[in-house]
Q: 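My questions will all concern the structure given below.
Quick caveat: nothing in here was measured; it's all calculated off a predicted structure. The sequence lines fix the lettering, A, B, ..., with proteins before strands; numbering per chain opens at 1.
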Amino acid sequence: MSAIAFITERYEARSSPVHVADARAKLLGAFGFIIAVTFTAEGAWLALALSAVPLVIVTFAAHLTPMFVVRRSFLALPFVAVALPLIFTRPGETLFTVPLTGWTGSREGIEAVATIMARSWIAVLAAVLLTATTPIVELLRGLRSLGVPRLLVATVSFTYRYFYVIGDEATRMMRARDSRSAALPGYRSGGSIRWRASVLGHMVGSLFVRSLERSERVYAAMQSRGFAGEPRFLDQPSLRPPEAVAAALLVGYAFAVQALAHGWLT
Amino acid sequence: MLAIQPVPVLEAVEGPALHIPDGFMSGPVAAVGWVITVAVLAVAVRMADRTLSDRAVPLMGVMAAFIFAAQMMNFPVAGGTSGHMLGGALAAILLGPWAAIIVMTAVVGLQAVLFQDGGIAVMGLNILNMGILTALVGWGVYRAVLTFEGMGSAVRLVGAFAAAWISVEVAALATTFQLALSDTSPLDVALPAMVGVHALIGVGEGLITAAALAFVVATRPDLVNQPVVAEG
């Protein structure tokens, strides 16, 4: 197994009703759910908690452990920094003052940041569940039958397939660079940042030429197997009603929670 | 005193902080992002289909895998941080703007699905910022600088550096304004911070892009003098 495969294989094989469900139902369900969660108002804690309920149900229905899903969801966290200034800029009741700077943190600001983080986390959990229960090939086939252009879906599926090849090529180049860059403990190796960037640039250029030449060989191989310019996809059987209903229920529930929280109905 | 180093393995590294996760953008801003992205992608797909014909899929697929891998190759900067590239400008310089947009779309889309690096509902914005804007701006700047090609062969590399630097800055600006419109990040604090940080990140992008182009010019000049993909 390629070294790259360990970090990019997101599918967790289980035999569960969630895993065997139609990729289109899962795609539409997850997409609609995430859009609904985007509408959560600041400080609507009950709505956030209610939105998380389906995720717990799906996790157990898919025979995954909460620990696994939560561990995978932490990848998106560093972005939180961009929202932090809101604590100090949002006007409202002052909760604390940062010594020396005189910045004041407001209750409204903290609520805003906490809501953004929670919304984001719930969306990431939904995406984690989608990719852990659906192989990429199924997702792409689902996207195609939902009307995404053939050229785009075919390109993405080639990207996924050749990422392992090109990624391993890149790993070998990095290993070669590390082997050339010996350093005694405590001493810095290598030249200026500019020099290091240009070393990497040359590696990228070399990888480009190798990739381009590989794409020409791939194209020739496809032609010799009879590729006539039309990427083909297997037909999808029509969506099974129970799965379509389950997806609709998920999205409907998520929007109903928002509607109640915002008072759209009253 | 030789210590056995762990085998280097590519990993999902933190790069320019531009992969917006879900939850950070308001519904309307995310929706506008989708509308623009879908419209531009429709044009790009048509252009790539016409100029590349049946070569399109293997070429762009493998090229997207290349950009994906190139984004994971890094170089040490200082204090444990490392630099790497976004690649939109390089893709546009080498492949032309339309193919570059499709290539970057494949990269951004897969990153969101494989690594949850960038959200699903906001994918329209992420493709717009990191794929469409970087490719179009990078291409535009590079072509503009190339009009001075008579002044020597270094002009090409200056053009690549400027194209990459400006493309990262524009992507950062767009992200900042979208965050401000969504009321997620106050503009007066975020704008100088994002523009400042990405001015530095952009230098790294520019250096890598120019060096990569220099390598391609030296080894396969045919690819650079006649772009792999003809202009629309």
Side-chain angles (χ1 to χ4, degrees), chain A residues 3-4 7-8 10 31 34-35 38-39 75-76 78-79 82-83 85-86 89 116 119-120 123-124 127-128 131 149 151-152 154-156 158-160 162-163 166-167 170-171 174-175 178 184-185 193-194 196-198 200-209 211 214-215 218-219 222 229 231, chain B residues 1 5 7-11 14 17 21-24 27 30 45 48-49 53-66 68-70 72-73 75-77 83 94 102 106 109-110 113-117 119-121 179 184-186 189-190 204 207-208 210-212 215-216 219-220:
Chain A
I4 301 278
I7 55 163
T8 52
R10 311 306 282 172
F31 191 71
I34 289 172
I35 288 181
T38 302
F39 285 98
L75 278 162
F79 201 85
V82 305
L86 274 184
T89 58
I116 289 168
R119 274 199 308 234
S120 183
V124 169
V128 166
T131 49
L151 181 76
L152 205 53
T155 301
V156 176
F158 264 76
T159 308
Y160 180 68
Y162 283 97
F163 172 66
I166 311 286
T171 305
M174 303 264 284
R175 188 183 300 146
D178 286 5
L184 287 170
I193 288 183
R194 200 186 143 176
R196 278 179 258 169
S198 77
L200 181 63
H202 289 159
M203 288 160 67
V204 169
S206 171
L207 190 64
F208 167 76
V209 172
S211 308
R214 185 180 295 278
S215 84
V218 169
Y219 174 55
M222 288 165 67
Chain B
M1 288 299 283
Q5 297 284 319
V7 177
V9 173
L10 298 182
E11 44 195 63
E14 277 315 306
D22 281 317
F24 281 70
V45 165
D49 227 353
S53 65
D54 55 344
R55 277 179 63 211
V57 168
L59 176 72
M60 293 192 301
V62 178
M63 283 297 114
F66 153 70
F68 206 143
M72 293 181 161
M73 297 169 88
F75 70 99
V77 177
L94 293 170
I102 295 178
L110 270 179
V113 173
L114 291 177
F115 302 126
Q116 273 72 54
D117 199 3
I120 305 277
L179 285 166
T184 297
S185 193
V189 180
L207 289 173
I208 300 171
F215 183 92
V216 178
T219 50
R220 288 283 304 268

Q: In Å and rounded to the nearest 0.5 Å, what is the CZ to CD1 distance from Phe68(B) to Ile166(A)?
A: 12.5 Å
Q: When rounded to the nearest 0.5 angstrom, what distance separates CD1 in Ile193(A) from OG in Ser198(A)?
A: 12.0 Å
Q: Check each atom of Leu110(B) against the heavy atoms of chain A and say whether the ones under 4.5 Å are side chain, backbone, both or neither.
A: side chain
Q: Answer with side chain, backbone, both or neither: which region of Ser206(A) has an atom nearer than 4.5 Å to a non-hydrogen atom of chain B?
A: both
Q: Looking at Leu86(A), Thr38(A), Ile35(A), which has the largest count of heavy-atom pairs under 4.5 Å with chain B?
A: Leu86(A)
Q: How long is the straight-line distance from CG of Leu59(B) back to CG of Asp54(B), given to the nearest 0.5 Å?
A: 11.5 Å
Q: Do Thr171(A) and Met73(B) come close enough that some side-chain heavy atom pair is under 4.5 Å?
A: no
Q: Once rounded to the nearest 0.5 Å, what's the spacing between atom CZ of Arg119(A) and atom CZ of Phe39(A)?
A: 10.5 Å
Q: Between Thr89(A) and chain B, which part of the residue has a heavy atom less than 4.5 Å away: side chain, backbone, both or neither?
A: side chain
Q: Check each atom of Met63(B) against the heavy atoms of chain A and say whether the ones under 4.5 Å are side chain, backbone, both or neither.
A: side chain
Q: Measure Val189(B) against the heavy atoms of chain A and call it side chain, backbone, both or neither at under 4.5 Å.
A: side chain
Q: Please classify the contact between Thr219(B) and chain A as side chain, backbone, both or neither, with a heavy-atom cut-off of under 4.5 Å.
A: side chain
Q: Check whether Val209(A) gets within reach of chain B through its side chain, its backbone, both or neither, counting any heavy atom under 4.5 Å.
A: side chain
Q: Using atom types as modelled and distance alone, determine if a side-chain donor or acceptor of Ser120(A) lies under 3.5 Å from a backbone N or O of Asp22(B).
A: yes
Q: Of all of Pro186(B), Ala190(B), Ala106(B), Ala64(B), which one pairs up most often with chain A through heavy atoms under 4.5 Å apart?
A: Pro186(B)
Q: If I take atom CZ from residue Arg55(B) and atom OG from residue Ser215(A), how far apart are they, to the nearest 0.5 angstrom?
A: 6.5 Å
